[in-house]
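Beneath this line is the structure, given in structure tokens, with notes to follow.
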Amino acid sequence: MTLLSRAGTALVAILTAAACAVSAPGAAGDTSGAGGSAATGAPALTGHRPCPGQPDVTCADLTVPLDRGGAVPGTLKLRTALYGPADAPRGTLLFLTGGPGQPGVPFVERIRARLPKALAAYRLVMIDQRGTGGTAVDCPALQK
């Protein structure tokens, strides 16, 4: 897969996560009860639960296709963290971590500590991108 197509795939996953996170049921501060919509075909965040060690942060799973082109069947669950109300005044801030293989969910506390004024107006969403975090592929033969 070329770098450009991987970047496009990541962008689609990111935009989907941001759209889903705005109305995820059970997310911190969310009382709407809404999730993904069958009418719109938008995927929903599922499995809402407290994030370990982050009592006011909600973790959830975003299920995405293994291959958006459809050549390879299957799905992946990407772990997502949500902090703040779904109806935050300025909307959702999707924050992506950098560095190859770096997850996003474990960094919510660090980002909150560094951006408190900005997060007063936004809902923070962080995602473990494909291949990172607790759901990363663990294949010793491939990793050699």
Side-chain angles (χ1 to χ4, degrees), residues 1-139 143:
M1 187 181 293
T2 68
L3 180 60
L4 185 56
S5 65
R6 284 198 298 188
T9 300
L11 181 59
V12 170
I14 291 163
L15 294 175
T16 301
C20 294
V22 171
S23 62
D30 182 18
T31 57
S32 70
S37 166
T40 64
L45 289 170
T46 60
H48 292 81
R49 60 206 176 271
C51 284
Q54 302 179 74
D56 56 346
V57 178
T58 299
C59 279
D61 300 311
L62 176 66
T63 302
V64 298
L66 184 59
D67 172 19
R68 290 199 179 274
V72 179
T75 59
L76 295 172
K77 284 188 178 182
L78 304 178
R79 195 169 59 154
T80 305
L82 310 159
Y83 168 73
D87 60 350
R90 302 217 45 202
T92 299
L93 173 64
L94 178 65
F95 193 102
L96 299 176
T97 54
Q102 187 176 39
V105 173
F107 291 92
V108 172
E109 290 299 320
R110 182 180 295 179
I111 300 309
R112 287 175 54 191
R114 292 186 178 172
L115 300 175
K117 288 182 182 178
L119 294 180
Y122 286 96
R123 180 180 212 184
L124 175 65
V125 175
M126 296 189 74
I127 189 168
D128 285 349
Q129 298 175 54
R130 291 174 184 249
T132 70
T135 57
V137 173
D138 183 17
C139 179
Q143 292 167 331

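Numbering of residues begins at 1 and proceeds along the displayed sequence. The model shown is predicted, which means the values in this text are computed figures rather than measured ones.
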Separation between CZ (Arg110) and OG1 (Thr97), nearest 0.5 Å, reads 10.5 Å
Where do [X] and [Y] come nearest, in terms of heavy atoms and distance?
| X | Y | value |
| --- | --- | --- |
| Val105 | Ala81 | CG2-N, 3.8 Å |
| Ala71 | Pro73 | O-CD, 3.9 Å |
| Pro116 | Ala113 | CD-O, 3.5 Å |

Would you kindly check if the NZ (Lys) or CZ (Arg) of Arg123 is within the cone defined by 45 degrees around the ring axis of Tyr83 and under 6.0 Å from the six-membered ring centre?
no
Any side-chain heavy atom of [X] sitting closer than 4.5 Å to one from [Y]?
| X | Y | answer |
| --- | --- | --- |
| Leu124 | Arg112 | yes |
| Leu82 | Val57 | no |
| Thr58 | Gln54 | no |

Provide the full list of disulfide (SG to SG under 2.5 Å) pairs with a residue in [range], sequence neighbours left out, each pair given once.
| range | value |
| --- | --- |
| residues 45-103 | Cys51-Cys59 |
| residues 78-128 | none |
| residues 72-105 | none |

Go through Arg130 and Val64 one step at a time and tell me if the side-chain contact (heavy atoms from CB on, under 4.5 Å) criterion holds.
CA-CA 10 Å; Arg130 291 174 184 249; Val64 298; 3.4 Å; yes
Once side chain to side chain contact (heavy atoms under 4.5 Å, CB included) is applied, do any residues pair with Leu115, and if so which ones, sequence neighbours excluded?
Phe95, Ile111, Ala118, Leu119
Evaluate Ile127 against Leu62 for side-chain contact (heavy atoms from CB on, under 4.5 Å), listing each step before the verdict.
CA-CA 9 Å; Ile127 189 168; Leu62 176 66; 4.2 Å; yes
For Arg49, the side chain to side chain donor-acceptor pair (under 3.5 Å) test, sequence neighbours excluded, returns Asp61
Under the side chain to side chain donor-acceptor pair (under 3.5 Å) test, which residues partner Gln102, sequence neighbours left out?
none
Distance-only, no hydrogens or angles: does the Thr75 side chain make a donor-acceptor pair with backbone N or O of Thr63 under 3.5 Å?
no
Residue pairs fulfilling salt bridge (Lys or Arg N to Asp or Glu O under 4.0 Å) with at least one residue in residues 74-85, sequence neighbours excluded:
Arg79-Asp128
